[in-house]
Amino acid sequence: MDALLNPATGDYLLNQSAQGIENEVYVRLVTPLGSYWAEPALGSRLHELRRMKDLPRMAVLAKQYAEQALQPILDTRRARRINVATSLARRGWLRLDIAAVDASGRNLSLIHEVRLA
């Protein structure tokens with residue numbers, strides 16, 4: 001088992017292990033698309049939103065970017081379902097609420113915040 005990554009800080013949680021797709025979801029969201037040499041398709045375009053203005057339409061873009069990044073998890077059947085919802089958390093921040101069901105039927109809930117300009 002892999003050590004569980006804390007989505008708020010990116011640090012390892014020493015006494016907990018990842019049971020399902022938690023780490024994969026997190027890594028796919030925070031890694032810039034194309035930046036990982038071993039798998040160029042790994043990652044998302046969410047980092048591009050840091051240059052965008054804080055407008056309501058950025059929520060639509062963020063949802064699309066997150067869904068694209070997480071699609072390989074569905075394609076490899078490591079997850080049965082992944083739903084992404086977006087909201088403006090506070091000025092300059094966009095909140096992604098990710099609800100997933102992995103292949104074994106375990107539910108995963110993850111909150112990921114993205115900084116906007």
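All heavy atoms count here, side chains included; hydrogens, waters and symmetry mates do not.
The line from CD of Gln64 to OG1 of Thr86 is 10.0 Å long, rounded to the nearest 0.5 Å. Atom-to-atom distance recorded for Glu113:CD and Leu94:CG is 9.0 Å, nearest 0.5 angstrom. The distance from the CG atom of Leu74 to the CD1 atom of Ile21 is 8.0 Å, given to the nearest 0.5 Å. We find the CG-CD1 distance between Asp102 and Ile82 to be 10.0 Å, quoted to the nearest 0.5 Å. One distance of note links NE2 of His47 with OH of Tyr65; it measures 9.0 Å at 0.5 Å rounding. Remark: Asp54 CG to Arg115 CZ distance equals 9.5 Å, nearest 0.5 Å.
Both Tyr36 and Tyr26 are members of a single hydrophobic cluster when ILVMFWY side chains are connected at heavy-atom separations under 4.5 Å. There is a path of hydrophobic side-chain contacts, each under 4.5 Å, that joins Leu88 to Ile98. Linking Ile, Leu, Val, Met, Phe, Trp and Tyr whenever their side-chain heavy atoms come within less than 4.5 Å puts Leu42 and Val30 in one cluster.
Looking at every heavy atom in both residues, Ala66 comes nearest to Leu96 through CB-CD1, 4.1 Å. In terms of heavy atoms, Ala62 sits closest to Leu46 at O-CD2, 3.7 Å. When every heavy atom of Arg80 is checked against every heavy atom of Ala103, the shortest pair comes out as NH2-O, 3.2 Å. Considering every non-hydrogen atom in both Thr76 and Ile73, the closest pair reads OG1-O, 3.3 Å.
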Steps toward side chain to side chain contact (heavy atoms under 4.5 Å, CB included) verdict (Leu110, Glu22): CA-CA 8 Å; Leu110 176 74; Glu22 297 96 337; over 6 Å; no

Pair Leu49-Leu61, side chain to side chain contact (heavy atoms under 4.5 Å, CB included): steps then yes or no: CA-CA 8 Å; Leu49 297 178; Leu61 259 181; 4.3 Å; yes

Test side chain to side chain contact (heavy atoms under 4.5 Å, CB included) applied to Met58 and Val114, step by step: CA-CA 10 Å; Met58 291 304 113; Val114 178; over 6 Å; no

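Environment of CZ in Arg90: crowded, with over 12 heavy atoms of neighbouring residues, nucleotides or ligands closer than 6.0 Å.
With Ser44 contributing its side chain and Leu29 its backbone, the two residues share a donor-acceptor pair below 3.5 Å.
Residue pairs that meet the salt bridge (Lys or Arg N to Asp or Glu O under 4.0 Å) test with at least one member in residues 23-48, sequence neighbours left out, are Glu24-Arg28, Glu24-Arg78, Arg28-Glu39, Arg45-Glu48.
Counting heavy atoms from C-beta outward, Gln68 and Leu33 have side chains that stay 4.5 Å or more apart.
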